[in-house]
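Everything on this sheet refers to the single structure shown next.
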Amino acid sequence: MSKTKTDDTQDFCWVSGHYSAEDADAIFQSNDDHIFSLHSQCLEVNTGNMPYANGVTLLPESSGTLELLFGFVYPGRHPELADTPFENLLKLAEAAEKYEVYSAMNVCGIRMRNFVNRHPLEVLNYAFRYHYKDLADIAAPATVGLKEADASKVLDSECYLAWSLYCAAWRSVSSQAFTLDTFLSYVEPDARLSVHPEDHGCPYWPAVRADVLVKMGSFEGNFVRQAIDLPFDSTTSAMGECCVEALGLWKQEVERAAEKISPFREFCG
C-alpha cells in the first residue's frame with residue numbers, strides 16, 4: 001500500500017494495493033484515509049446501492065471493512081470470513097446491507113450463526129434489522145434471561161419491544177412450572193401418575209419437591225430456557241420410585257408448556 005495526494009481531498013492518503021487499477025473509474029476514500037480504486041461495471045453488477053461519482057467518494061467505513069467488502073465485488077473466490085472476529089464481521093455485515101453487496105450479505109448472514117451463543121443480542125438485532133427471520137428465531141432463545149439494561153443498549157427500539165414480549169412469554173412458563181407438579185394426577189391419561197407421591201404420603205417427596213423449587217428459583221424465573229434439565233435431574237435428595245416418576249412427568253409438563261411459545265418472529269409487529 002502506497003501513499004499519495006488526491007486532488008479532491010488535498011490530503012495524503014494510503015492507496016490500497018489490491019484496489020488500485022489505473023483504469024478504475026470509481027474511487028472511494030475510507031474514514032481512515034485509504035483510497036480504493038474500483039471498476040464501476042463490477043459495482044453495477046454486484047451491488048445495488050453503492051454510491052460513486054466523478055472524483056473521490058467519501059465513505060464512513062474503515063479501510064479494514066472496505067477491504068473485506070470490496071472482496072465480494074469482483075469475480076473470483078470471495079473472502080470466507082471463517083476467522084473474522086465478530087466486531088469486524090458485524091461492521092462488514094452492516095456495510096454489505098447498506099450498499100447491497102449481495103454475495104457479502106449472504107456470507108455474513110451464515111457466519112452470524114457462529115456467534116449466537118457469544119453475542120446473542122447483537123446477532124438478534126442484526127437479524128431483526130435486516131429481516132433475517134430464521135436467524136432471529138435461532139438467536140432469540142439465547143437472549144432469554146439477559147438483563148434488560150444490557151438489551152436496551154444493543155437492541156433497536158422495535159426489536160427491544162418484541163424481545164420484551166418474547167421474554168415475558170418464557171417467564172410465564174417458568175412461573176407456571178412452580179405449580180405444575182400439583183396437577184400431575186389430573187392431566188390426560190397418557191401422562192397420569194400411577195400413584196402421586198402426595199397421595200400415599202411419600203416421606204421423600206417434600207424434600208425432593210423443595211430441592212427442585214430451589215433450583216428453579218436460582219435461575220431468576222428463566223430456568224425453562226436456560227437449563228430445563230437441571231432442577232429435575234440433579235436433585236440430591238433420597239427418592240422413591242413414585243418421586244422419580246413424578247419428576248419425569250413434572251419436567252414433561254414444563255416442556256409441553258415451553259413448546260407452545262411462539263418463535264421470536266411472531267412477537268414482531
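Model, not experiment: these values are computed from the prediction.
- Between the CG atom in L69 and the OG atom in S103 there is a gap of 8.5 Å [rounded to 0.5 Å].
- No donor-acceptor distance shorter than 3.5 angstrom exists from the side chain of S172 to the backbone of A168, with no hydrogens or angles considered.
- Aromatic pair F267/Y166: centroids less than 6.0 angstrom apart.
- Proximity of L135 to R113: side-chain heavy atoms (C-beta onward) are separated by under 4.5 Å at one or more points.
- Separating the OH atom in Y204 from the SG atom in C243 is a distance of 8.5 Å, to the nearest 0.5 Å.
- Under the 4.5 Å side-chain heavy-atom criterion for grouping Ile, Leu, Val, Met, Phe, Trp and Tyr, Y102 is connected to M112 within one hydrophobic cluster.
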Residue pair E148, W163: steps toward the side chain to side chain contact (heavy atoms under 4.5 Å, CB included) verdict | CA-CA 10 Å; E148 293 184 359; W163 176 81; 4.1 Å; yes

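- Separation of atoms CG (L121) and CG (L146) is listed at 5.0 Å; rounding is to 0.5 Å.
- Heavy-atom contacts from other residues, nucleotides or ligands closer than 6.0 Å to CD of E80 number 12 or fewer.
- Centroid-to-centroid, the aromatic rings of F28 and F70 come within less than 6.0 Å.
- For the salt bridge (Lys or Arg N to Asp or Glu O under 4.0 Å) test, no residue two or more places apart in sequence or in another chain qualifies with E158.
- Minimum interatomic distance between P79 and F72 (heavy atoms only, all atoms of both residues): O-CZ, 3.4 Å.
- For C268, the side-chain contact (heavy atoms from CB on, under 4.5 Å) partners at least two apart in sequence or on another chain are F128, A162, F264.
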Please walk me through it: do L66 and L59 pass side chain to side chain contact (heavy atoms under 4.5 Å, CB included)?
-> CA-CA 9 Å; L66 294 179; L59 298 179; 3.9 Å; yes

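- Other residues, nucleotides and ligands contribute over 12 non-hydrogen atoms within 6.0 Å of the CD atom of E44.
- With respect to the salt-bridge test (charged N to carboxylate O, under 4.0 angstrom), the residues E253 and R256 qualify.
- Across all non-hydrogen atoms, the minimal contact from Y52 to S40 is OH-CB, 3.2 Å.
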Where do E97 and Y132 land on the side chain to side chain donor-acceptor pair (under 3.5 Å) test, with the steps shown first?
-> CA-CA 12 Å; E97 296 290 337; Y132 293 110; 2.4 Å; yes

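- Residues A139 and V123 approach most closely at CB-CG1, 3.9 Å, considering heavy atoms.
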Run the numbers on H39 and D23 for side chain to side chain donor-acceptor pair (under 3.5 Å), then give the verdict.
-> CA-CA 8 Å; H39 297 91; D23 61 342; 2.8 Å; yes

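- Side chain of N125 to main chain of D156: a donor-acceptor pair is present (N/O by atom type, distance under 3.5 Å, no hydrogens or angles).
- Counting only distance, with no hydrogens or angles, the side chain of N49 and the backbone of E100 share no donor-acceptor pair below 3.5 Å.
- L68 is listed as a side-chain neighbour of L81, based on a closest heavy-atom distance under 4.5 Å.
- How far SG of C42 is from CE of M50: 12.0 Å, rounded to the nearest 0.5 Å.
- Under the 4.5 Å side-chain heavy-atom criterion for Ile, Leu, Val, Met, Phe, Trp and Tyr, I35 and L58 are members of the same hydrophobic cluster.
- Annotation: side chain of W205 is not in contact with side chain of M239 (no heavy-atom distance under 4.5 Å).
- Using a 4.5 Å heavy-atom cutoff, the side chains of L249 and Q252 are in contact.
- Looking only at distances, no side-chain donor or acceptor of H119 sits under 3.5 Å from a matching main-chain atom of N117.
- Residues E61 and K98 are paired through a salt bridge, judged by an N-O separation under 4.0 Å between the basic side chain and the carboxylate.
- Closest non-hydrogen pair, P60 versus N31, comes out as O-ND2, 2.8 Å.
- Remark: the backbone N or O of L43 is paired with a side-chain donor or acceptor of T47 at under 3.5 angstrom.
- D32 contributes no side-chain N or O that, together with a main-chain N or O of S62, makes up a donor-acceptor pair within less than 3.5 Å.
- Using a cutoff of 4.0 Å between basic side-chain nitrogens and carboxylate oxygens, D211 and K215 are scored as salt-bridged.
- With rounding to the nearest 0.5 Å, the separation of CZ in F36 from OG in S30 is 5.5 Å.
- Residues E94 and Y130 bring a donor and an acceptor atom of their side chains to less than 3.5 Å of each other.
- Summarising the geometry of S152 relative to A149, their closest heavy-atom pair is OG-O, 2.8 Å, with the distance given to 0.1 Å.
- Of all heavy-atom pairs spanning I261 and A169, the tightest one is CD1-O, 3.8 Å.
- The structure places OG of S175 at 13.0 Å from CH2 of W170, a figure rounded to the nearest 0.5 Å.
- For the pair D134 and R265, the minimum side-chain heavy-atom distance is below 4.5 Å.
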